[in-house]
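Just the heavy atoms: all of them, side chains too, but no hydrogens, waters or symmetry mates, feed the values below. Order of listing sets the numbers, starting from 1, for every ligand and every atom in it.
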Amino acid sequence: MPQKNIDTHTVTHKFPDDFFWGAASASYQVEGGILNTDWAQAAEEGRVPYAGKACDHYNRYAEDFDIAKSLGHDAHRMSVEWARIEPEEGKFNMEAILHYQKVAQALQKRGMHPGITLWHFTLPLWFANRGGFERDDAPEIFARYAAFVVSHLKDYCHHYATMNEPIVYASNGWLRGTWPPFKRFALFDVLSITNSGRQHEARYTKGLRPFFTYLRVVKNLARAHNAAYDAIKDVLLASDVSMVKHVILFHANKNPFNQLIARVMNWWWTHRFMKMVIGKCDSIGLNYYIHKKFGDTQTYEKTDMDWDIYPEGIYDCLMMLKRYKKPLYISEAGLADARDDRRGMYITKQVEAVWQAIQNGADVRGHFYWSLLDNYEWALGYEKRFGLVAIDYETLERTIRPSAYIYKQICERNGI
Ligand code: FCB
């Protein structure tokens, strides 16, 4: 564990000594050159923007990790691309897995602890074309892939998340119809309560059936996590296997009816799924971006995603997850802020709220800002700027934003 540079005169909110600080990223959003996924196919069909060469992180990871290191990070959350590793069903590509060995090693060499997500939204084309997670044999297929990856990366990494934000994935694919496979539940327009910003013009199939498929997909995702957990443990018993859960904070004013709606929504979005997988989680990753307060008349400043600026909401999310009695990681939290005039303040308030949650018993072990680099923001393309580091997509030049130094100070002081 690298030594933290603790300045005891100024740190009022000190974090536990072995706390991890870093940023998060995901392969499809930064690597570039991935052509055999459902997202690449959707881009070909004009339904989502092209990812193209992205940040060319596939070739520039060493340079990017040097930057992260210089910014005081001692850990990094990354993902590996399923479609690179298993380009055809059951056929694994050694070159791809050797590449990820080098990537994980590059982190280790810099004294940065790797956390690896096995699947972050994009599916290999062969799997998507055969129905993906709609299929009831998806858990076995996913577990076989998970075991392969961990058996080759186990010397470099002990922290694995099986999947990223299963409920976001299923909701966008089968309720909202904005992500592959573009199925939209006909009543969604009426029920819509989350505000996720303007979406690229997706062409979706609309009907009542997507709702039932959604339920099946969610169940299969939970089964896939559980199967992958067992498969990973067979390969590496000493691993820490987690679920990365996107939590929307539903809360309410004093009105009991609003409070009831908030409770039901928290159950629907978070607890229903967590209960299906918690038996097979060594830890939980929390991704926090959005809150919805029922009966609220307050207006909020907005991020470039049009999401309320409400970093303190992460406290309630952590309190919500505390009940599962597992170590918690902030696996993602951050904002799109092209002007970089709110990011520093946002991060500081968010970290303060995490500290507060730790004081009140949440066992939080690490914090990963989303994201290290600007990147491909799914159906919204490259316009939204989440990075601590700005990317010029013409030249691929990296420029550290001022807010990255505010976060650096937090990382190096291990507190605020
Ligand atoms: C999360 C995703 C991540 C990124 C951020 C902004 O839901 O996990 O890939 O798109 O949102």
Report the nearest protein non-hydrogen atom to [atom]: residue, atom name, distance rounded to 0.1 Å.
atom	value
atom 7 (O) of ligand 1	Glu165 OE1, 2.5 Å
atom 11 (O) of ligand 1	Tyr289 CE1, 3.6 Å
atom 2 (C) of ligand 1	Glu332 OE1, 3.4 Å

Discussion item. Using the ring centroid of each side chain, check whether His73 and Tyr369 are separated by less than 6.0 Å.
Written reply: no
Worksheet item: Centres of the Phe250 and Trp269 rings: under 6.0 Å?
Response: no
Worksheet item: Is there a donor in the side chain of Ser371 and an acceptor in the side chain of Ser25, or the other way round, less than 3.5 Å apart?
Response: no
Worksheet entry | Residues Asn164 and Thr117: side-chain donor-acceptor under 3.5 angstrom | no
Within the structure, does [X] bring an N/O atom to less than 3.5 angstrom of an N/O atom in ligand 1?
X	value
Trp370	no
Asn164	yes
Glu377	yes

Fill in: Non-hydrogen atom of Lys384 closer than 4.0 Å to ligand 1
no
Practice prompt. Measure the distances from the heavy atoms of Val168 to every atom of ligand 1 and state whether one is below 4.0 angstrom.
Written response: no
Between [X] and [Y] (salt bridge meaning N to carboxylate O under 4.0 Å), is one present in this structure?
X	Y	result
Glu377	Arg385	no
Lys302	Asp308	yes
Arg60	Asp64	no

Those atoms of ligand 1 less than 4.0 Å from some heavy atom in [X]:
X	result
Gln29	3 (C), 4 (C), 9 (O), 10 (O)
His120	2 (C), 3 (C), 8 (O), 9 (O)
Phe386	6 (C)

Worksheet item: What's the spacing between Ile232 CD1 and Ser151 OG if we round to 0.5 Å?
Response: 10.5 Å
